[in-house]
Amino acid sequence: MFNHNHFLGLENFPKDDIQKIIDTSFNFKEVLDRPIKKVPSLQGVTIVNLFFENSTRTRISFELAQKRLSADTVNFSASTSSLKKGESFKDTAQNIEAMKIDAVVMRHPSPGAPYQLKEFIDAKIINAGDGTHEHPTQAILDMMSIQEKFGKIKGLNIAIIGDIYHSRVARSNIYGLVTMGANVTVCGPSNLIPQEISELGVNINYNIDEVVEWADAVNVLRIQRERMGVGLIPSNREYRKLFGITNERMIRRKKELVIMHPGPMNRGVEIDSKVADSDQAIILDQVLNGVASRMSILYLLLGAKDGKKNED
Ligand code: CP
């Protein structure tokens with residue numbers, strides 16, 4: 001049983017359901033290794049990808065996941081839509097739903113936008129990132145990648161490094177990893193770490209060298225200048241020196257450290273090219289796991305045949 005109508009965030013999301021998504025993701029990853037990478041699981045299901053904000057990985061991997069599951073997919077881009085002629089978000093959503101679609105995958109710059117969409121349409125909704133709020137499918141693929149690398153999530157030391165304040169990836173990872181029993185530390189400039197974040201069950205440590213020594217894996221975030229307004233970082237050079245995952249820091253740490261990054265990367269700022277391209281990095285594995293985990297989420301939401309309407 002997977003009792004969810006939508007997939008909007010990982011806050012209060014049950015542990016067993018996270019595990020079910022991850023386990024199902026591994027099953028779908030096997031499909032991606034076959035010569036014909038396609039199963040009929042979502043034949044006859046129509047999904048619209050509603051993107052109001054730029055994306056490379058999330059958009060392409062959702063589209064690929066839908067095609068691999070044999071769903072019919074339509075892509076909507078805000079910049080070429082009738083929103084430009086003054087049509088409202090509500091009218092846009094209701095017009096799209098009138099064309100008999102089953103689900104919407106939405107990325108939007110406003111935190112909470114998928115919850116607003118839920119008020120306007122009956123189709124199932126998957127949050128592909130809402131402003132600084134959540135990016136739950138990214139957290140699922142990150143946790144899948146951690147489980148794939150270590151065989152477990154519980155008890156591992158996972159550091160999330162960078163601009164925590166503006167990061168939906170950080171928030172969803174924190175909700176998911178804490179639920180799954182990982183020890184989570186956040187690290188970055190003090191003005192980019194909200195103090196209240198510790199209420200979510202994570203530690204704050206501003207000393208990058210201590211964090212690198214402590215962690216089994218680090219998830220490195222980019223500085224989100226587009227969400228900052230005035231610059232909160234004096235310079236890229238200074239940021240790299242104080243908080244970058246640099247080659248020098250990797251040499252100082254004797255043991256292997258697993259390097260993760262959700263992308264897009266700013267090489268030479270939060271991460272050195274040599275580190276990003278090293279054997280320690282599982283960044284491209286994360287990308288492949290993104291397709292498998294989005295197949296899993298789509299399948300669990302849309303593939304169930306009992307026709308019952310769930311609670312959320
Ligand atoms: N990780 C991630 O969300 O990347 P995109 O913005 O390219 O989708």
Side-chain angles (χ1 to χ4, degrees), residues 7-10 21-22 25 47-68 73 75-79 104-114 125-146 148-149 158-177 186 188 192 217-228 245 258-267 269-271 275-277 281-298:
F7 190 64
L8 303 183
L10 289 183
I21 297 173
I22 293 172
S25 303
I47 305 170
V48 177
N49 298 314
L50 205 57
F51 276 64
F52 293 85
E53 201 189 67
N54 295 345
S55 169
T56 298
R57 281 145 290 267
T58 311
R59 185 176 183 146
I60 291 176
S61 76
F62 262 115
E63 196 179 339
L64 269 177
Q66 292 153 7
K67 287 181 175 9
R68 304 295 190 220
T73 73
N75 292 319
F76 166 95
S77 174
S79 60
V104 172
V105 173
M106 186 170 79
R107 169 166 289 193
H108 200 283
S110 301
I125 300 165
I126 298 166
N127 182 3
D130 60 329
T132 55
H133 180 227
E134 280 222 45
H135 194 351
T137 63
Q138 177 70 45
I140 294 288
L141 76 88
D142 289 342
M143 289 188 284
M144 176 191 179
S145 304
I146 290 168
E148 187 173 54
K149 185 72 191 174
I158 310 293
I160 304 173
I161 299 173
D163 178 2
I164 309 299
Y165 187 86
H166 296 97
S167 175
R168 55 193 176 210
V169 175
R171 203 168 301 276
S172 288
N173 261 275
I174 289 168
Y175 289 135
L177 287 166
V186 295
L192 294 179
V218 292
N219 201 347
V220 189
L221 307 177
R222 89 190 154 87
I223 296 298
Q224 306 208 12
R225 289 194 183 276
E226 77 275 23
R227 298 193 206 281
M228 280 185 189
I245 299 299
V258 171
I259 307 293
M260 303 172 69
H261 196 306
M265 281 189 281
N266 293 140
R267 288 170 183 261
V269 184
E270 74 272 10
I271 190 165
V275 179
D277 299 333
I282 58 166
I283 296 166
L284 294 179
D285 300 305
Q286 288 172 262
V287 176
L288 176 60
N289 288 341
V291 180
S293 52
R294 286 167 179 133
M295 287 172 81
S296 166
I297 292 160
L298 290 166

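Start at 1 and go down the list; that is how both ligands and their atoms are numbered. Both backbone and side-chain heavy atoms feed into the values below; hydrogens, waters and symmetry mates do not.
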Pairs under 3.5 Å, nitrogen or oxygen of ligand 1 with protein nitrogen or oxygen:
{"from": "ligand 1", "atom 1": "1 (N)", "to": "Gln138", "atom 2": "OE1", "distance (Å)": "3.0"}
{"from": "ligand 1", "atom 1": "1 (N)", "to": "Pro262", "atom 2": "O", "distance (Å)": "2.8"}
{"from": "ligand 1", "atom 1": "1 (N)", "to": "Gly263", "atom 2": "O", "distance (Å)": "3.3"}
{"from": "ligand 1", "atom 1": "3 (O)", "to": "Thr58", "atom 2": "OG1", "distance (Å)": "2.9"}
{"from": "ligand 1", "atom 1": "3 (O)", "to": "Arg107", "atom 2": "NH2", "distance (Å)": "2.9"}
{"from": "ligand 1", "atom 1": "3 (O)", "to": "His135", "atom 2": "NE2", "distance (Å)": "2.9"}
{"from": "ligand 1", "atom 1": "4 (O)", "to": "Arg57", "atom 2": "NE", "distance (Å)": "3.1"}
{"from": "ligand 1", "atom 1": "6 (O)", "to": "Arg107", "atom 2": "NH1", "distance (Å)": "2.8"}
{"from": "ligand 1", "atom 1": "7 (O)", "to": "Thr56", "atom 2": "N", "distance (Å)": "2.8"}
{"from": "ligand 1", "atom 1": "7 (O)", "to": "Arg57", "atom 2": "N", "distance (Å)": "3.0"}
{"from": "ligand 1", "atom 1": "7 (O)", "to": "Arg57", "atom 2": "NE", "distance (Å)": "3.2"}
{"from": "ligand 1", "atom 1": "7 (O)", "to": "Arg57", "atom 2": "NH2", "distance (Å)": "2.9"}
{"from": "ligand 1", "atom 1": "8 (O)", "to": "Ser55", "atom 2": "OG", "distance (Å)": "2.6"}
{"from": "ligand 1", "atom 1": "8 (O)", "to": "Thr58", "atom 2": "N", "distance (Å)": "2.9"}
{"from": "ligand 1", "atom 1": "8 (O)", "to": "Thr58", "atom 2": "OG1", "distance (Å)": "2.6"}
{"from": "ligand 1", "atom 1": "8 (O)", "to": "Arg107", "atom 2": "NH1", "distance (Å)": "3.4"}
{"from": "ligand 1", "atom 1": "8 (O)", "to": "Arg107", "atom 2": "NH2", "distance (Å)": "3.4"}

Exercise: do Glu63 and Asn75 side chains pair donor with acceptor under 3.5 Å: yes
Nearest non-hydrogen partners of Ser293 and Ile140, listed with the distance: CB-CG2, 3.7 Å
Distance-only donor-acceptor check, side chains Arg107 and His135, under 3.5 Å: yes
Those residues that, when tested against Asn289, pass side-chain hydrogen bond (donor to acceptor under 3.5 Å, both in side chains) (two or more places apart): Lys29, Ser145, Glu148
Arg222 side chain to Met265 backbone, donor-acceptor under 3.5 Å: no
Asp277/Arg267 salt bridge by N-O under 4.0 Å criterion: yes
